[in-house]
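Okay, so here's the structure we're looking at.
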Amino acid sequence: MADSGWRGQASACGRERGSGTVLSAGLALVVMTAMVLMLLLAQSAVLASRAASAADLAALAAADALRGVTHGEPCTIASQVAARHGAAVLGCTEGAGQTVEVRTELMERTVFGAATGRSRAGPPP
């Protein structure tokens with residue numbers, strides 16, 4: 001009789017054998033998935049910053065052209081500056097008070113889509 005109780009305990013231990021390995025593998029998968037998502041979000045943040053910088057530089061160059069500081073058509077100058085920074089100009093509009101608004105989109109894309117930037121520049125105050 002005492003022998004049958006011991007066998008019941010041994011069979012219960014045999015069923016749990018290897019469960020730590022499965023748990024460890026599942027935890028490793030969760031950690032790796034979280035790291036991949038963090039890397040994708042970090043990449044998106046970097047590309048958004050690059051798109052904003054390209055828009056800023058393009059708007060400043062276009063505003064200088066509009067004021068006559070440099071030669072050329074403002075929106076053409078903005079397109080050239082944006083292209084040097086890996087971006088395309090989506091929109092370029094001249095506003096009141098010799099201001100220029102430029103919208104850019106990076107050529108490089110992420111899983112979440114293309115990064116865009118928007119900037120407005122004009123004469124110094």
Side-chain angles (χ1 to χ4, degrees):
M1 291 275 185
D3 192 28
S4 65
W6 182 77
R7 286 184 190 170
Q9 289 176 352
S11 65
C13 288
R15 284 183 284 170
E16 293 180 14
R17 196 165 171 82
S19 64
T21 304
V22 173
L23 184 63
S24 297
L27 184 60
L29 183 64
V30 167
V31 168
M32 287 190 307
T33 303
M35 287 185 68
V36 166
L37 284 174
M38 286 176 47
L39 286 173
L40 287 174
L41 289 173
Q43 180 188 24
S44 294
V46 167
L47 291 180
S49 177
R50 284 181 47 201
S53 294
D56 288 343
L57 294 170
L60 287 170
D64 283 347
L66 184 62
R67 290 185 311 134
V69 175
T70 59
H71 298 288
E73 185 66 31
C75 291
T76 304
I77 299 293
S79 295
Q80 292 170 354
V81 170
R84 285 186 213 135
H85 292 90
V89 172
L90 296 178
C92 177
T93 56
E94 297 176 17
Q98 293 183 327
T99 61
V100 177
E101 184 173 330
V102 177
R103 289 183 20 239
T104 59
E105 178 179 89
L106 282 185
M107 302 293 182
E108 189 177 346
R109 294 184 178 272
T110 66
V111 175
F112 301 116
T116 60
R118 180 175 163 232
S119 184
R120 183 175 52 187

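Bear in mind that the values here come from a model prediction, so they are computed numbers and not experimental data.
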Minimum-distance pair of heavy atoms, taken over all atoms of [X] and [Y]:
{"X": "M107", "Y": "A88", "result": "CE-CB, 3.5 Å"}
{"X": "A82", "Y": "T104", "result": "CB-CG2, 4.2 Å"}
{"X": "G117", "Y": "A55", "result": "C-CB, 3.7 Å"}
{"X": "V102", "Y": "A59", "result": "CG2-CA, 3.7 Å"}
{"X": "E73", "Y": "E94", "result": "OE2-OE2, 4.0 Å"}

Mind checking whether [X] and [Y] sit in one hydrophobic cluster, side chains of I, L, V, M, F, W, Y counted as touching below 4.5 Å?
{"X": "V111", "Y": "L41", "value": "yes"}
{"X": "I77", "Y": "L57", "value": "yes"}
{"X": "V89", "Y": "V100", "value": "yes"}
{"X": "V36", "Y": "F112", "value": "yes"}

Any donor-acceptor pair under 3.5 Å from S24 side chain to G20 backbone: yes
CA sep, side-chain torsions, deciding dist, call: E101, R118, side-chain contact (heavy atoms from CB on, under 4.5 Å): CA-CA 7 Å; E101 184 173 330; R118 180 175 163 232; 2.6 Å; yes
Heavy-atom neighbours of R67 CZ exceed 12 at 6.0 Å: yes
Atom pair CG (L90) and CD (E105), whose distance is rounded to the nearest 0.5 Å: 5.0 Å
Derivation of the side-chain contact (heavy atoms from CB on, under 4.5 Å) call for L47 and R50: CA-CA 5 Å; L47 291 180; R50 284 181 47 201; 3.5 Å; yes
Among P74, P123, C75, side chain to side chain contact (heavy atoms under 4.5 Å, CB included) partner for L66: P74
Close side-chain approach of Q80 to T76, heavy-atom, < 4.5 Å: yes
Note, L40 side chain near Q43 side chain (heavy atom, < 4.5 Å): yes
